[in-house]
Amino acid sequence: MKDVLIVDDSALARMIMRRSLGAAGLADAAIREVADGMAALDAVRAQLPDLVIADVNMPNLDGEGLLLSLRSDARLSGVRVLMCSSAMSPAKAARLLRLGAGAVLKKPFSPHELRSALAGALAAA
Amino acid sequence: MNRILTHARASLEETLEQVAFAPVSVVDEPLDWADPDLIWAEIALVSPLEGTLVFGAPRATVQPLAADAWGGGHDADPGAAFLSEVANIIAGQLLANLYPSREPRIGLPVFGAGRRALASDALALCVDVDVGRVGLLVELAAQAPEAAAAGGVA
């Protein structure tokens with residue numbers, strides 16, 4: 001069973017992602033939710049997930065900050081990360097991938113787009 | 001319809017259809033932003049375009065849309081969360097689509113209730129959904145140098 005951590009300050013966005021993961025083939029995943037990057041770091045340290053799905057635009061510590069924090073910590077650096085945002089320009093997507101995101105996803109997303117992004121993120125080393 | 005509203009409309013249609021499963025059609029009359037029963041979420045457009053985007057509707061219209069989006073089972077304020085998430089998505093998409101080669105930056109959504117005072121040059125869009133009307137405003141900062149190039153203020 002996959003352990004997935006959803007990180008988004010919007011409760012609705014977390015619920016939509018949770019619902020979408022079920023439709024994308026991860027119905028049996030153990031899903032945890034937190035509302036910002038700081039809480040995500042705590043959750044990852046407490047238990048390494050198979051995948052972090054993080055929004056970019058969040059209070060306290062945003063998604064890019066979370067990604068940088070994960071990649072700079074030897075114990076956490078191998079965690080797979082899928083970044084999502086509505087404000088996803090090609091340049092921003094490229095930067096997030098360069099920083100170590102396994103895949104990026106633009107909101108709103110279709111089930112097909114989510115499946116493709118999940119495949120990319122879970123395949124990333 | 002200018003370029004900003006064209007992109008905003010496309011994003012609003014796509015977002016409502018994907019988040020709340022609600023097909024929309026644009027209407028000519030503006031939403032009554034002086035309606036005391038309105039609830040809305042606004043979000044700052046930081047860069048490349050400076051201003052504010054507001055998404056709102058009468059509470060009675062928002063409730064069924066939010067219920068469809070949530071699929072039930074939410075005990076806090078589903079309307080506020082629904083408006084905030086839709087405003088967030090539209091604001092991000094609007095900037096990304098208007099300026100595909102630049103990095104869009106937006107603020108965090110802020111929820112409000114009651115009549116919403118409008119800037120005199122606000123760009124307004126109103127659409128019908130099957131449970132009522134929802135409105136979108138884009139208020140451009142007066143000093144925004146990109147405003148004219150992006151389509152001009154109505």
Side-chain angles (χ1 to χ4, degrees), chain A residues 6-24 27 31 33 35-38 53-65 83-99 101 104-115 117, chain B residues 7 10-21 41 43-49 53 62 65-111:
Chain A
I6 300 173
V7 190
D8 200 311
D9 58 315
S10 162
L12 178 60
R14 296 196 302 272
M15 190 283 299
I16 290 170
M17 182 59 77
R18 179 184 279 269
R19 189 170 63 196
S20 301
L21 287 175
I31 296 176
E33 297 181 13
D36 64 52
M38 295 302 292
I53 301 176
D55 186 32
V56 171
N57 193 34
M58 294 186 293
N60 300 326
L61 179 64
D62 66 13
E64 188 170 331
M83 302 294 301
C84 50
S85 174
S86 59
M88 187 73 81
S89 65
K92 186 169 201 163
R95 190 174 71 249
L96 293 170
L97 291 170
R98 236 181 4 256
L99 292 174
V104 297
L105 181 62
K106 188 173 180 181
K107 293 180 181 178
F109 51 80
S110 68
H112 171 73
E113 289 166 335
L114 176 60
R115 276 193 295 273
Chain B
H7 283 287
S11 181
L12 178 62
E13 288 174 343
E14 181 185 8
T15 303
L16 285 179
E17 286 176 7
Q18 292 202 11
V19 173
F21 319 109
I43 188 163
L45 307 174
V46 178
S47 173
L49 187 66
L53 182 140
V62 174
L65 289 173
D68 284 345
W70 282 98
H74 183 62
D75 56 4
D77 187 344
F82 170 77
L83 291 171
S84 296
E85 179 61 9
V86 172
N88 181 61
I89 292 174
I90 294 172
Q93 273 201 336
L94 176 64
L95 295 186
N97 291 338
L98 278 170
Y99 304 98
S101 63
R102 298 176 66 180
E103 183 162 321
R105 289 181 53 222
I106 57 177
L108 296 170
V110 176
F111 177 70

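Note on naming: letters A, B, ... go to the chains in the order of the sequence lines (proteins, then strands), and numbering restarts at 1 for each one.
In terms of heavy atoms, A:K106 sits closest to B:A96 at NZ-CB, 4.4 Å. Across all their heavy atoms, B:Q93 and A:P108 have their closest contact at NE2-CD, 3.2 Å. Between B:F82 and A:L12, the closest heavy-atom pair is CA-CD2, 3.5 Å. When all heavy atoms of A:S89 and B:P100 are compared, the closest pair comes out as CB-O, 4.0 Å.
Here the CZ atom belonging to B:R102 is positioned 14.0 Å from the NZ atom belonging to A:K92, to the nearest 0.5 angstrom. Interatomic distance, CD of B:Q18 versus NZ of A:K107, reported as 12.5 Å (0.5 Å rounding).
Taking B:E14 as the reference, nothing meets the salt bridge (charged side-chain N to carboxylate O under 4.0 Å, His left out) condition, with sequence neighbours excluded. Every residue meeting the side-chain hydrogen bond (donor to acceptor under 3.5 Å, both in side chains) condition with A:E33, not counting sequence neighbours, appears here in chain and number order: A:R14, A:R18.
Although no hydrogens or angles enter the test, the distance criterion places no donor-acceptor pair under 3.5 Å between the side chain of A:N57 and the main chain of B:L108.
No more than 12 heavy atoms of other residues, nucleotides or ligands shown are found within 6.0 angstrom of CZ on B:R105.
Between A:S86 and the choices B:T15, B:I89, B:V86, the side-chain contact (heavy atoms from CB on, under 4.5 Å) rule is met once, by B:I89.
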